[in-house]
Amino acid sequence: MEVRSSQQTTATRKKYMMLGLMLCMQALGVFYLVLPPTAIEKRHKLVLGGEASRPVVAARKAAASETDENDDEGDVPEFVRDVELSLYRPGQADMPTVGLGTAALGAKVEAVVLAGLEMGYRHIDTAMAREWYRDDLVGSALAKSGINRHKVFITSKIHPRDLGTEPTRQKLKEALANLKTSYINLFLLHYPECYNMCKTPPQGTWKDSWRVLEEGVRNGTLQYIGVSNFGVRELEELWDFAKVKPYAVQVHSDPIDPNTRIQEFCKEKGIKFVAYSSLGTQHAMRSEEHLNPVLTSKVVLDIAKKRKIASPALVVLRWAIHHGQRVIPRTANLTHMRQNLDCDRIHLDSSDYSEIDNMKRK
């Protein structure tokens with residue numbers, strides 16, 4: 001009896017010691033997650049509440065109250081691996097393979113995004129160029145949808161006219177306000193320079209703006225950062241310059257003009273390659289006849305017919321995904337939206353992919 005009593009006393013003491021430790025940690029504002037041993041990454045660091053960092057002993061996401069097919073089941077997100085100081089929010093989405101583009105949809109954006117979210121889209125692409133995009137309507141749709149913010153991956157971009165330290169800081173604040181969110185999943189520099197798109201020269205360079213984006217990662221307003229429409233030379237310069245490495249590069253890519261060199265660069269560096277205008281619309285805009293040589297290609301049409309695929313667009317999207325691309329097709333057609341969302345389930349064989357690969361402009 002005395003031995004049993006002693007054991008009970010020891011157990012009780014341990015229980016109260018643990019309870020006391022937990023209360024002390026809570027009083028000090030330390031919050032923690034208990035996660036599987038497979039998630040331990042001693043080299044990672046985490047900022048909590050903007051205070052000094054400590055090693056991340058937990059990396060797998062805490063189980064959310066509701067499940068979603070786009071939930072990241074992996075270890076700590078790549079943005080934590082890329083920087084020593086970063087804010088990790090359990091439950092944040094990673095970039096889905098298929099997203100919804102919103103360029104040039106004008107006042108339709110809110111209705112299109114609401115419909116897309118209802119269908120299951122969990123990546124919405126927008127930008128701060130009001131002449132092409134309506135990020136404010138994306139924010140309205142997201143707020144009205146009732147979907148948990150952590151379940152949706154939002155990409156936005158800053159116009160080259162706003163390059164420079166202070167302009168970029170101001171535009172980032174505006175982007176958060178327009179999107180009605182406290183953080184943006186992926187924020188891109190839209191172009192490395194103005195070319196002929198700016199009425200007046202910007203106050204700074206893309207390098208100045210990149211440093212501001214890095215600040216955003218460190219203070220938790222940005223989950224990932226990247227660039228759009230950078231060439232290989234600029235990407236190499238960015239890679240050497242960046243303290244926080246780019247998570248994604250968004251450029252035009254389709255079977256005729258696949259941007260192979262940039263794809264190879266991204267693959268070598270572990271950067272996500274996001275394709276816009278995957279369906280050949282860039283060619284259609286540039287030709288006097290406004291013909292789309294991708295969707296009217298005999299190769300694509302024959303594969304769609306042979307495989308009994310509803311649309312040649314789905315063949316092209318499946319080809320892009322096969323090559324490791326993320327895609328963001330834009331449409332206001334509800335049928336096409338549903339089809340595009342399921343394009344990764346389409347089966348093509350190696351000969352189909354080879355035929356499409358051979359469409360590349362020589």
Side-chain angles (χ1 to χ4, degrees), residues 77-79 81-82 94-101 103 123 125 127 153 155 157 185-193 206 210 224-242 244-286 292-295 297 299-300 303 312-330 340 343-344 346-362:
E78 292 174 30
F79 80 106
R81 295 199 289 271
D82 288 343
D94 195 9
M95 183 191 286
T97 302
V98 181
L100 181 62
H123 177 200
D125 181 87
F153 192 100
T155 295
K157 317 171 194 73
N185 300 89
L186 175 61
F187 204 64
L188 308 175
L189 301 181
H190 210 151
Y191 288 87
E193 57 183 280
W206 67 259
W210 187 261
Y224 302 118
I225 55 178
V227 295
S228 177
N229 298 305
F230 274 46
V232 173
R233 178 185 60 79
E234 291 144 337
L235 288 172
E236 289 172 342
E237 190 174 358
L238 169 64
W239 189 261
D240 292 336
F241 174 77
V244 178
K245 301 301 182 184
Y247 168 84
V249 171
Q250 186 181 119
V251 293
H252 163 229
S253 176
D254 64 43
I256 293 174
D257 185 9
N259 245 318
T260 306
R261 287 187 63 201
I262 294 181
Q263 286 194 63
E264 290 171 349
F265 179 90
C266 290
K267 185 175 182 180
E268 176 189 339
K269 301 297 186 183
I271 302 170
K272 285 182 169 53
F273 182 96
V274 184
Y276 70 78
S277 298
S278 305
L279 303 179
T281 51
Q282 293 289 312
H283 303 290
M285 289 191 303
R286 294 168 187 165
N292 187 325
V294 174
L295 296 185
S297 162
V299 169
V300 173
I303 291 173
L314 302 180
V315 173
V316 177
L317 292 174
R318 187 65 190 88
W319 165 85
I321 291 170
H322 171 74
H323 285 293
Q325 301 180 20
R326 287 343 197 242
V327 294
I328 46 172
R330 175 203 65 199
N340 293 346
C343 65
D344 59 339
I346 290 170
H347 173 71
L348 301 179
D349 65 21
S350 57
S351 64
D352 297 327
Y353 292 124
S354 294
E355 286 188 66
I356 300 172
D357 288 341
N358 290 332
M359 290 173 60
K360 178 182 176 181
R361 183 187 288 126
K362 301 298 189 283

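- The closest donor-acceptor contact from the side chain of E234 to the backbone of G231 lies under 3.5 Å.
- Separation of atoms CZ (R233) and CG (L238) is listed at 12.0 Å; rounding is to 0.5 Å.
- Of all the heavy atoms in L186 and G226, the pair that sits closest is CD1-N, 4.0 Å.
- The minimum heavy-atom distance linking V98 with N340 is given by the pair CG1-O, 3.6 Å.
- To the nearest 0.5 Å, atom CG of residue L314 and atom CD1 of residue I346 are 4.0 Å apart.
- Looking only at side-chain heavy atoms (C-beta outward), K272 and Y247 come within less than 4.5 Å of each other.
- Side-chain contact check for H323 and D357: at least one donor-acceptor pair (N or O, by modelled atom type) lies under 3.5 Å.
- Remark: the backbone N or O of P258 is paired with a side-chain donor or acceptor of Q263 at under 3.5 angstrom.
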Check the pair L100, I328 against side chain to side chain contact (heavy atoms under 4.5 Å, CB included), reporting the backbone distance first and the verdict last. CA-CA 5 Å; L100 181 62; I328 46 172; over 6 Å; no
Residue pair N229, H190: steps toward the side chain to side chain contact (heavy atoms under 4.5 Å, CB included) verdict: CA-CA 7 Å; N229 298 305; H190 210 151; 3.9 Å; yes
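- Note that CG of D240 is 11.0 Å distant from CG of L235, once rounded to the nearest 0.5 Å.
- From E237, atom CD reaches atom CH2 of W210 across 12.5 Å, with rounding to the nearest 0.5 Å.
- Within the 4.5 Å cutoff, the side chain of P246 has heavy atoms near those of the W239 side chain.
- When all heavy atoms are compared, the tightest approach of R330 to A103 is CD-O, 2.6 Å.
- Expressed to the nearest 0.5 Å, how far NE2 of H347 lies from CG of D352 amounts to 7.5 Å.
- A donor-acceptor contact shorter than 3.5 Å is absent between the side chain of D344 and the backbone of I321.
- Using a 4.5 Å heavy-atom cutoff, the side chains of R318 and V315 are not in contact.
- A heavy-atom distance below 4.5 Å is not found between the side chains of F265 and T260.
- Counting non-hydrogen atoms of other residues, nucleotides and ligands closer than 6.0 Å to NZ of K269 gives a total above 12.
- Scanning all heavy atoms of the two residues, the minimum distance from L317 to C343 falls at CB-SG, 3.7 Å.
- For Q282, the side chain to side chain donor-acceptor pair (under 3.5 Å) partners are S277, R286, not counting sequence neighbours.
- Under the 4.5 Å side-chain criterion, counting only non-hydrogen atoms from C-beta, L188 is not in contact with I225.
- To the nearest 0.5 angstrom, C266 atom SG is 12.5 Å from R261 atom CZ.
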Are W206 and F230 close enough, and set up right, to give a ring-ring contact (aromatic ring centres under 6.0 Å, His included), and what steps lead you there? CA-CA 11 Å; W206 67 259; F230 274 46; 5.5 Å; yes
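- Closest approach of A248 to V274, counting heavy atoms only: CB-CG2, 4.2 Å.
- A salt bridge links D125 to K157: one of the charged nitrogens lies within less than 4.0 Å of a carboxylate oxygen.
- Between the side chains of Y353 and N358, no donor-acceptor pair of N or O atoms lies under 3.5 Å.
- Summarising the geometry of S278 relative to P255, their closest heavy-atom pair is O-CD, 3.9 Å, with the distance given to 0.1 Å.
- For the pair V251 and S228, the minimum side-chain heavy-atom distance is 4.5 Å or more.
- N185 is not listed as a side-chain neighbour of T155, based on a closest heavy-atom distance of 4.5 Å or more.
- For the pair V300/W319, no side-chain contact is recorded, criterion being any heavy-atom separation below 4.5 Å from C-beta on.
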Steps toward side chain to side chain donor-acceptor pair (under 3.5 Å) verdict (H283, D254): CA-CA 10 Å; H283 303 290; D254 64 43; 2.8 Å; yes
